[in-house]
Amino acid sequence: MVVLLEIFLVLGLVVLAGSYFFRGRRDAERQEVIERRVEAYMQTIRREGGNSELAAMGDLELKDLLLSSARNLRVQAERKWYILLGGGAAAVLAAIAIGTEEGTRGFGIVLLVAALALYGANEFMGRRMREPLVARGIDVERLRVE
């Protein structure tokens, strides 16, 4: 069982390294989508005029604000993903170490506790990255690009 987990970890690292080297093209496509979404959101803000602070901004200022917000959202989402990935790897290594001493029950308990901790960290970081944008009246879902 431990050998399968080690194989899984090695394959995960290989896939992670491969995706890192081929991300340039994906980033260019994502940037184009972000710019289109920002333009569409700017038109919606102008048409609906729901938030007076955003509606009062000039086009260039609003575009800069929305583009920087979208970039910050993307950077924070990537940071969150890396933290969770590192936490998951540490949890698996800790579970393996405990599993060798305590058996499968200790392995399972450590994985359960780690899963709960990582879920809490994910929710906390997700809310923290949305708070500044919501405070300014920016709809986060309009800027998010998957």
Side-chain angles (χ1 to χ4, degrees), residues 1-2 4-99 105-146:
M1 182 168 164
V2 174
L4 290 175
L5 289 172
E6 289 173 353
I7 291 172
F8 176 73
L9 286 173
V10 169
L11 287 176
L13 288 174
V14 168
V15 168
L16 182 65
S19 68
Y20 178 78
F21 289 119
F22 294 111
R23 74 179 192 172
R25 183 176 141 209
R26 185 180 65 216
D27 285 345
E29 292 172 357
R30 179 179 279 180
Q31 185 62 30
E32 289 177 24
V33 172
I34 287 174
E35 289 176 6
R36 284 196 313 256
R37 298 211 48 185
V38 163
E39 291 293 331
Y41 190 34
M42 285 176 58
Q43 291 175 1
T44 302
I45 290 170
R46 298 288 185 229
R47 186 175 53 246
E48 294 176 358
N51 186 339
S52 60
E53 181 183 340
L54 295 178
M57 291 182 182
D59 285 341
L60 187 59
E61 183 181 12
L62 182 60
K63 185 174 183 175
D64 286 344
L65 174 70
L66 294 176
L67 281 174
S68 69
S69 297
R71 286 187 191 112
N72 288 340
L73 188 65
R74 187 187 79 219
V75 166
Q76 290 175 357
E78 287 176 359
R79 183 181 304 142
K80 179 178 81 166
W81 190 82
Y82 286 128
I83 289 171
L84 293 175
L85 183 66
V92 169
L93 291 175
I96 290 172
I98 297 297
R105 183 168 46 162
F107 180 82
I109 290 171
V110 170
L111 281 184
L112 178 65
V113 169
L116 290 173
L118 289 174
Y119 175 76
N122 182 42
E123 289 297 314
F124 176 75
M125 288 186 287
R127 289 184 183 133
R128 290 275 304 191
M129 64 188 225
R130 286 186 206 105
E131 283 175 358
L133 301 178
V134 171
R136 294 192 93 152
I138 297 173
D139 185 9
V140 177
E141 295 304 318
R142 289 187 175 258
L143 298 177
R144 180 170 293 171
V145 176
E146 298 296 325

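The structure displayed is predicted, hence computed values, not measured ones.
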query = Lys80 and Gln76: side-chain contact (heavy atoms from CB on, under 4.5 Å), yes or no, with the steps?
reply = CA-CA 6 Å; Lys80 179 178 81 166; Gln76 290 175 357; over 6 Å; no
request  = May I ask you to test the Met129-Met125 pair for a side-chain heavy-atom distance under 4.5 Å?
outcome  = no
query = Does atom CZ of Arg128 have more than 12 heavy-atom neighbours from other groups under 6.0 Å away?
reply = no
ask   = Counting only N and O atoms by type, is there a donor-acceptor contact under 3.5 Å from the side chain of Asn72 to the main-chain atoms of Ser68?
value = yes
inquiry  = Let's go through Arg71 and Ile34 carefully: what are the C-alpha distance in whole Å and the side-chain angles of both, what is the deciding distance for side-chain contact (heavy atoms from CB on, under 4.5 Å) to 0.1 Å, and is it a yes or a no?
reply    = CA-CA 9 Å; Arg71 286 187 191 112; Ile34 287 174; 5.6 Å; no
request  = Determine yes or no for a side-chain-to-main-chain donor-acceptor pair under 3.5 angstrom, with Tyr41 supplying the side chain and Ile138 the backbone.
outcome  = no
query = Out of curiosity, Leu13 CG to Leu9 CG, how far, rounded to the nearest 0.5 Å?
reply = 6.5 Å
CZ on Phe107 to CD1 on Ile96, rounded to 0.5 Å = 6.0 Å
Atom pair CG/CD of Leu11 and Glu6 - distance to nearest 0.5 Å = 12.0 Å
request  = Return the minimal non-hydrogen interatomic distance between Val140 and Leu73, and the atom names on each side.
outcome  = CG1-CD2, 3.7 Å
query = Taking atom NZ of Lys63 and atom CE of Met57, what is their separation to the nearest 0.5 Å?
reply = 15.5 Å
ask   = How many angstroms lie between CD in Glu53 and CG in Leu65, if you round to the nearest 0.5 Å?
value = 8.0 Å
key: Closest contact, heavy atoms only, Val110 versus Ala91   = CG1-O, 4.1 Å
request  = Answer yes or no: are there more than 12 heavy-atom neighbours, outside Tyr119 itself, under 6.0 Å from its atom OH?
outcome  = no
CG on Leu93 to CD1 on Ile98, rounded to 0.5 Å = 12.0 Å
